[in-house]
> 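Below is the structure I would like to discuss, written out as structure tokens.
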Amino acid sequence: MNRTVLLVIAHGSRDPRHAATVQALVRRAGALRPGLRVETAFLDFNLPSVPGVLDRLAADGVRDVVALPLLLTRAFHAKADIPAVLRQAPPSLRIRQAEVLGPSPLLIDAVERRLYEAGLTPGDKSATGVVLASAGSTDPEAIAVIAETARELRRTGWCSVRPAFASASLPRTEDAVRALRAEPGVRRVAVAPYVIAPGRLPDRIAAGAAEADVLADVLGPSPELARLLLERHDAAHAARGAVAHSA
């Protein structure tokens, strides 16, 4: 078997909605590319585990794997946890680690999709402030990417966009909502969770959105994210020199 397998690696959560959402996203990506074998694995809390899936792929005779971190920024999991577990893979596998999902224009499109699904329209942009609420990180690179993503979202025409974080960083969602309320020209405030799947931190974001006018859904199995998974697969597959693990 010579075909490359796309292995999507999610963090995992005790919240059952997390795994269900990840699986729905991966199924959608697979449906866009029927000839591509797509597998899902979790770092923690959920099954199948990354080592378990890698062992099964090796037993199936798979040779090439693109390992895609289902993460929006290059924080600790992408830099340390995932490379460490990939280094323990069966020696018959040649693994390339794809780039994380962000930043990408497709993520901006997905955020806007969720805002429109929550009731906003393009005509509302000029009077609406948006809180781009992420899980949070202690990694400066990750924080910088979130800030740049907020600026990119602002450039699409929203009155104002402020980043916020559910943990590890400030401001919190509720503080960003109040700050936007005080800005000139902002007549309504929307919270856009910049997270892939439901769980404890997304619930914290939702709680912090209590004083907002609009709360969008998590990014979830949006068509934009499904396309982005395939983009990252294709880029890693084409980068023949970027081998994370090889016999």
Side-chain angles (χ1 to χ4, degrees), residues 1-31 33 35-102 135 137-139 141-142 167 195-202 219-221 225-226 228-247:
M1 180 179 296
N2 296 319
R3 287 186 178 178
T4 299
V5 172
L6 172 59
L7 175 59
V8 179
I9 302 177
H11 180 268
S13 169
R14 292 185 177 90
D15 189 319
R17 296 173 298 167
H18 174 90
T21 301
V22 169
Q23 296 286 9
L25 171 60
V26 172
R27 283 195 301 272
R28 187 161 203 166
R33 187 79 59 85
L36 177 65
R37 179 175 174 180
V38 186
E39 298 277 352
T40 309
F42 298 91
L43 284 174
D44 206 354
F45 302 118
N46 303 104
L47 293 174
S49 68
V50 179
V53 174
L54 292 172
D55 287 345
R56 175 161 51 82
L57 292 176
D60 287 349
V62 170
R63 173 63 176 159
D64 291 294
V65 176
V66 169
L68 171 59
L70 195 65
L71 302 167
L72 297 175
T73 60
R74 285 189 73 253
F76 183 78
H77 296 303
K79 294 177 179 177
D81 287 350
I82 291 177
V85 74
L86 294 180
R87 284 194 293 270
Q88 304 304 313
S92 61
L93 294 176
R94 183 168 55 234
I95 302 174
R96 292 177 177 82
Q97 182 174 327
E99 291 295 329
V100 297
L101 300 183
S137 174
T138 57
D139 188 300
E141 180 184 351
S167 69
V195 292
I196 294 171
R200 178 176 57 87
L201 294 180
L219 301 177
L225 254 68
L228 185 53
L229 263 59
L230 298 178
E231 278 194 8
R232 294 292 186 255
H233 162 270
D234 294 346
H237 187 255
R240 291 295 178 182
V243 178
H245 168 88
S246 182

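Here the structure is a predicted model, which means the values were calculated and not measured. Values reported hereafter were calculated over all heavy atoms of this structure, with side chains retained and with hydrogens, waters and symmetry mates removed.
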> Distance check, rounded to the nearest 0.5 Å: Glu99 atom CD versus Arg74 atom CZ?
6.0 Å

> Write down the atom of Ala89, the atom of Ile95, and the distance for their closest heavy-atom approach.
CB-CD1, 3.5 Å

> Which pair of non-hydrogen atoms, one from Leu229 and one from Ala29, has the smallest distance, and what is that distance?
CD2-CB, 3.9 Å

> Would you indicate whether the side-chain heavy atoms of Leu68 and His233 approach each other to under 4.5 Å?
no

> Using modelled atom types only, decide if a donor and an acceptor are shared between the side chain of Arg96 and the backbone of Val66 within a distance under 3.5 Å.
no

> Salt bridge between Arg37 and Asp60, side-chain N to carboxylate O under 4.0 Å?
yes

> Taking all atoms of both residues into account, what is the closest heavy-atom pair of Ala78 and Gln97, and its distance?
O-NE2, 3.1 Å

> Start with the C-alpha distance between Arg33 and Asp234, add both sets of side-chain angles, then the distance that settles side chain to side chain contact (heavy atoms under 4.5 Å, CB included), and finish with yes or no.
CA-CA 11 Å; Arg33 187 79 59 85; Asp234 294 346; 2.9 Å; yes

> Within a 6.0 Å radius of atom CZ on Arg56, are there more than 12 heavy atoms belonging to other residues, nucleotides or ligands?
yes

> Which residue is it: Val26, Leu25, Leu7, Leu6? I am looking for the one with a side chain to side chain contact (heavy atoms under 4.5 Å, CB included) to Thr40.
Val26

> Nearest 0.5 angstrom please: His237 NE2 to Thr4 OG1, how far?
3.0 Å

> Looking at side-chain heavy atoms only, is the closest gap between Leu70 and His11 below 4.5 Å?
no

> Do Arg63 side-chain atoms and Ser92 backbone N/O form a donor-acceptor pair below 3.5 Å?
yes

> Whether the side chain of Asp64 engages the backbone of Leu93 through a donor-acceptor N/O pair (distance < 3.5 Å, no angle test) should be reported.
no

> Supply the atom-to-atom distance Glu141 CD to Thr73 OG1, rounded to the nearest 0.5 angstrom.
8.0 Å

> For residues Ala67 and Leu86, report the shortest heavy-atom separation together with the two atoms involved.
CB-CD1, 3.7 Å

> Stepwise, does the side chain to side chain contact (heavy atoms under 4.5 Å, CB included) test hold for Leu72 with Ile196?
CA-CA 8 Å; Leu72 297 175; Ile196 294 171; 4.0 Å; yes

> In Å, rounded to the nearest 0.5 Å, how long is the span from CD1 of Ile9 to CG of Leu54?
7.0 Å

> What distance do Arg200 atom CZ and His18 atom NE2 have between them, rounded to the nearest 0.5 Å?
12.5 Å

> Give me the atom names and distance for the closest heavy-atom approach of Pro202 to Ala197.
CG-O, 3.3 Å

> Find the distance between CD (Gln88) and CG (Asp55) and round it off to the nearest 0.5 Å.
11.0 Å

> Let me see the working for Arg232 and Leu101 under side chain to side chain contact (heavy atoms under 4.5 Å, CB included), right down to the final yes or no.
CA-CA 7 Å; Arg232 294 292 186 255; Leu101 300 183; 4.1 Å; yes

> How close do Pro221 and Thr21 get, counting heavy atoms only, and between which atoms?
CD-CG2, 3.9 Å

> Could you walk me through whether Ile82 and Val50 pass the side chain to side chain contact (heavy atoms under 4.5 Å, CB included) test, one step at a time?
CA-CA 9 Å; Ile82 291 177; Val50 179; over 6 Å; no

> Using side-chain heavy atoms (C-beta onward) and a distance below 4.5 Å, is Phe45 in contact with Asp15?
no

